[in-house]
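This is a predicted model, so every value here is computed, not measured. Each ligand, and each atom within it, is numbered from 1 in the order the structure gives.
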Amino acid sequence: MIIFKRPVLTQFPSAQDLHDRILHHLTRGQGRSPETASISDWRMAISHLLREMMTDPLMAAQRATQEQGAKRVYYLSMEFLIGRTLGDAIINLRLDGAMDEALAMLGLDKRELLEDEPDAALGNGGLGRLAACFMESLSSLQCPAMGHGIRYEHGLFRQRFDSGQQVEIAEDWLDRPNPWEFPRADDSSRIGFKGHVEEVDGRAVWHPGETVIARAHDLPVIGWNGGWANTLRLWGAHPAVPFDLHRFNAGDHIGAAEPEVLARTLSRVLYPDDTTEAGKELRLCQEYFLTAAALQDILRRFLSEHGDLRLLPEKLAIQLNDTHPAIAGPELMRLLMDEHGLGFDKARNLARGTLNYTNHTLLPEALETWSTWLMGRVLPRHMQIIEMIDADHRASTGRPDHVGIVRHDQVHMGELAFIMAGKVNGVSALHTDLVRDTVFADLHKLHPDRIVNQTNGVTPRRWMRLANPVLVRLIDESIGTGWTADLDQLRGLEPFAEDPAFREGLRAAKRCNKLWLADHLLGDLGVKPDPEAIFDVQVKRIHEYKRQLMNILEAIALWRRIHDDPNGDWVPRVKIFGGKAAPGYWLAKTVIRLINDVAATINNDPVTGKFLQIAYPPNYNVSMAEKLIPAADLSEQISTAGKEASGTGNMKFTMNGALTIGTLDGANVEIREHVGAGNFFLFGLTAAEAGAEAARPGHARAAIEASEDLRAALQMVAEGRFSGGQGDAYFELLDRTWNDDPFLVASDFDAYFAAQRRVDAAYRDPAEWDRMAALNIARSGYFSSDRTIRGYMADIWRVDPVGIGE
Ligand code: 26V
């Protein structure tokens with residue numbers, strides 16, 4: 001454990017202070033009077049005040065880092081799934097009490113203010129949200145760090161359902177000004193693309209055919225307690241040549257804007273597919289845009305602070321969030337060789353001493369490759385350097401022929417990232433083992449010390465303090481507030497699991513969250529569940545391997561059983577789904593439609609209504625997660641073993657007192673180890689068994705024939721029971737389930753169904769259930785992203801926290 005001095009906010013503003021300063025920002029900053037101000041005006045004023053309060057810690061952190069010549073960390077990621085900032089800022093600046101009072105004095109409704117802020121959805125799912133949690137922990141731990149990402153004009157699409165089917169709508173979070181960012185017109189870089197390479201006096205000179213400008217926008221990220229803030233720097237793309245006045249004057253008004261449109265396209269939209277969209281030129285250009293902008297910026301700061309390039313590995317560490325910024329290897333070498341005159345070996349060693357790579361997926365379809373043709377056309381100099389890196393690696397390792405970066409005219413970005421990295425890490429113990437044994441088995445043999453594990457974590461400030469204030473009050477009253485910065489302290493709750501009064505409090509907190517959810521989010525859908533029912537929640541992107549299909553088939557099978565025995569002693573349940581499908585992922589969209597179709601049928605059944613309901617609120621995002629997770633009794637983590645690298649939602653549910661029904665996949669394995677096998681509903685094949693089962697011909701058909709529940713459920717879908725007699729809509733989905741089923745929905749179905757009945761039985765005994773929930777919370781401390789970041793700092797970056805005023 002790293003020990004360091006934590007600065008504490010010494011001056012907490014009073015409610016009156018806040019009141020006065022909000023009015024100042026409203027009138028002087030927004031140019032509005034309190035009488036005419038809209039809710040957005042107030043939100044802008046308050047956000048600007050909070051941003052102002054972050055500037056002292058921001059500058060103090062910079063000053064301390066510089067004075068101490070400390071090593072800096074750079075986190076490069078194509079995605080930062082930030083969500084809203086206002087609530088988080090209030091909490092981390094420790095203003096909650098005073099702010100509540102100030103808002104009351106101003107007659108403002110806090111919830112309405114918070115809800116007015118658009119979600120910054122600059123990410124798809126787990127990978128992007130992890131980056132956002134990491135940024136918060138880096139600041140809370142006083143690690144000198146900077147995030148680099150893209151300032152997408154349009155984040156992840158908004159989701160609507162039309163007759164149960166997903167419709168995508170463009171997202172427009174920047175339509176209203178973003179109060180958190182500082183535009184840095186002076187911090188800009190020129191980024192080249194295409195063109196040709198020339199050799200001049202033995203040195204390569206790249207003449208790009210196109211150039212765009214990357215302009216920085218800085219978001220302060222305030223840590224817990226408000227003592228330290230780092231910067232998340234998001235790059236926007238702008239034209240290098242201004243508006244073409246000649247064309248405009250000649251009457252070509254649209255053509256005159258062409259350079260502008262082309263350049264801005266680079267930061268226009270986030271790619272909405274987290275598995276299969278690879279191979280698209282614009283995506284490669286976005287990846288290079290981010291990486292090149294970040295590296296120029298990083299080197300500029302490094303040279304002004306340290307001057308000597310040989311100090312690079314000692315003074316900075318760069319983390320590549322998946323392979324998306326893996327062009328950083330060749331780009332850094334290009335800068336060192338072509339711009340600073342270093343030889344290949346020196347450049348390679350400096351780059352490798354600086355770069356590290358996190359792998360987030362084993363799914364073959366999500367591993368990035370680019371054709372050598374495309375890479376050579378878009379980044380001709382980088383293609384040359386990639387060939388040099390590959391040849392050098394071949395020569396120095398004597399590796400077998402089937403290993404390498406360039407194979408079959410494809411550049412394999414995983415291999416490139418691996419070979420250019422000092423450390424490569426997986427994101428859970430199981431995933432790291434699989435990284436060693438499968439995708440990178442050959443490279444691991446050549447470099448046995450390179451792969452390390454860093455199990456993911458999530459920030460308890462957002463996922464407990466902000467999202468679940470009623471639970472937090474109970475915890476604070478029981479063990480104090482120290483757990484917020486040191487989540488292991490939740491262990492102190494263990495004895496309370498045996499205390500009926502505490503368990504009663506826990507039950508009351510959960511009930512309060514469930515009631516709120518039922519009234520608001522679910523009420524809008526026409527679903528009004530009994531708060532006594534099990535709130536059974538599966539929220540995540542829709543993917544075959546995550547098996548939302550298995551969950552909805554279980555609902556159908558249960559519904560059928562209830563129908564057969566409507567006076568039985570069933571445990572009431574509401575199944576809640578949330579999540580988006582990639583626009584081009586047809587099968588995932590079919591699953592969405594099936595869930596909505598089944599919900600429409602089941603929710604209108606008067607016979608089963610008091611036992612089973614299904615809710616699928618559209619447009620799941622970070623803000624919706626903050627509402628759903630605290631209200632969940634049961635967390636669905638049911639991916640095919642070996643497919644989910646880690647999962648991070650699973651951790652959020654655990655720390656909010658939901659019990660998990662899950663497979664031995666990703667971080668579920670470690671969650672179960674920590675909370676205790678008796679407090680976790682385990683089912684299903686292991687990763688090794690799943691591999692063998694999937695390879696067994698006819699595995700799905702055999703499993704379906706052996707399971708009456710599954711067969712009946714599939715039959716009902718085929719007959720069109722949920723689609724007005726039209727079973728056709730689901731023909732392909734059913735065909736795949738019967739004849740292919742690569743993710744083993746059929747093979748695991750009976751075990752899943754049985755585990756759900758164990759859940760029912762456990763739920764009948766409230767004292768026992770609450771005891772298990774209390775132990776889940778008490779033992780969730782390991783899953784704080786503070787623990788994860790400490791791991792990266794010690795094992796990968798070798799950086800220390802920096803004290804202020806030392
Ligand atoms: C791939 C691509 C391919 C090109 C188009 C855009 C795009 C965007 C993302 C990805 C990779 C997604 C990988 C990912 O999200 N992995 C998730 O990472 C989480 C954090 O480590 C982890 O908890 C999840 O288990 C894992 O699925």
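- In this structure, the side chain of Ser267 does not engage the main chain of Tyr152 through any donor-acceptor pair within 3.5 Å.
- Backbone and side-chain nitrogen or oxygen atoms of Asn124 are examined, and none is located within less than 3.5 angstrom of a nitrogen or oxygen of ligand 1.
- Residue Lys546 has no N or O atom closer than 3.5 Å to an N or O atom of ligand 1.
- No side-chain donor-acceptor contact under 3.5 Å links Thr354 to the backbone of Ala317.
- Side chain of Lys589 to main chain of Pro583: a donor-acceptor pair is present (N/O by atom type, distance under 3.5 Å, no hydrogens or angles).
- Here the side chain of Ser140 pairs a donor or acceptor atom with the backbone of Trp224 at under 3.5 angstrom.
- At a 4.0 Å heavy-atom cut-off, ligand 1 does not touch Glu368 at all.
- Shown here are the salt bridge (Lys or Arg N to Asp or Glu O under 4.0 Å) partners of Asp536, two or more places apart in sequence or in another chain: Arg573, Lys575.
- In terms of polar-atom proximity, defined here as any N/O pair under 3.5 Å, Glu79 makes no such contact with ligand 1.
- With ligand atoms numbered from 1 in the order given, ligand 1 contributes 27 (O) to contacts under 4.0 Å with heavy atoms of Tyr545.
- Ligand 1 places these atoms under 4.0 Å from at least one heavy atom of Ala645: 25 (O).
- No heavy atom of Gly125 sits closer than 4.0 Å to any atom of ligand 1.
- When atom types are taken as modelled, the side chain of Asn650 and the backbone of Gln637 share no donor-acceptor pair closer than 3.5 angstrom.
- Looking at Leu362, Leu367, Asn456, Asn321, it is Asn456 that brings a heavy atom closest to atom 20 (C) of ligand 1.
- With a 4.0 Å cut-off on non-hydrogen atoms, His324 touches ligand 1 through its side chain and not its backbone.
- Here Val427 has side-chain heavy atoms under 4.0 Å from ligand 1, and that is the only part of it that gets that close.
- Relative to the ring axis of Tyr620, Lys580 does not place its NZ or CZ within 45° and under 6.0 Å from the centre.
- Close approach of ligand 1 to Gly647 is summarised as follows: ligand atoms under 4.0 Å from at least one heavy atom of the residue are 22 (C), 23 (O), 24 (C), 25 (O).
- Within the 4.0 Å heavy-atom cutoff, Met78 does not count among the residues contacting ligand 1.
- Between the side chain of Glu210 and the backbone N or O of Ala263 there is no donor-acceptor pair closer than 3.5 Å.
- With a 4.0 Å cut-off on non-hydrogen atoms, Asp273 touches ligand 1 through its backbone and not its side chain.
- The contact set between ligand 1 and Arg283, taken as ligand atoms under 4.0 Å from a residue heavy atom, comprises 4 (C), 5 (C), 6 (C), 7 (C).
- Residues in residues 680-694 take part in these salt bridge (charged side-chain N to carboxylate O under 4.0 Å, His left out) pairs, two or more places apart or across chains: Glu693-Arg696.
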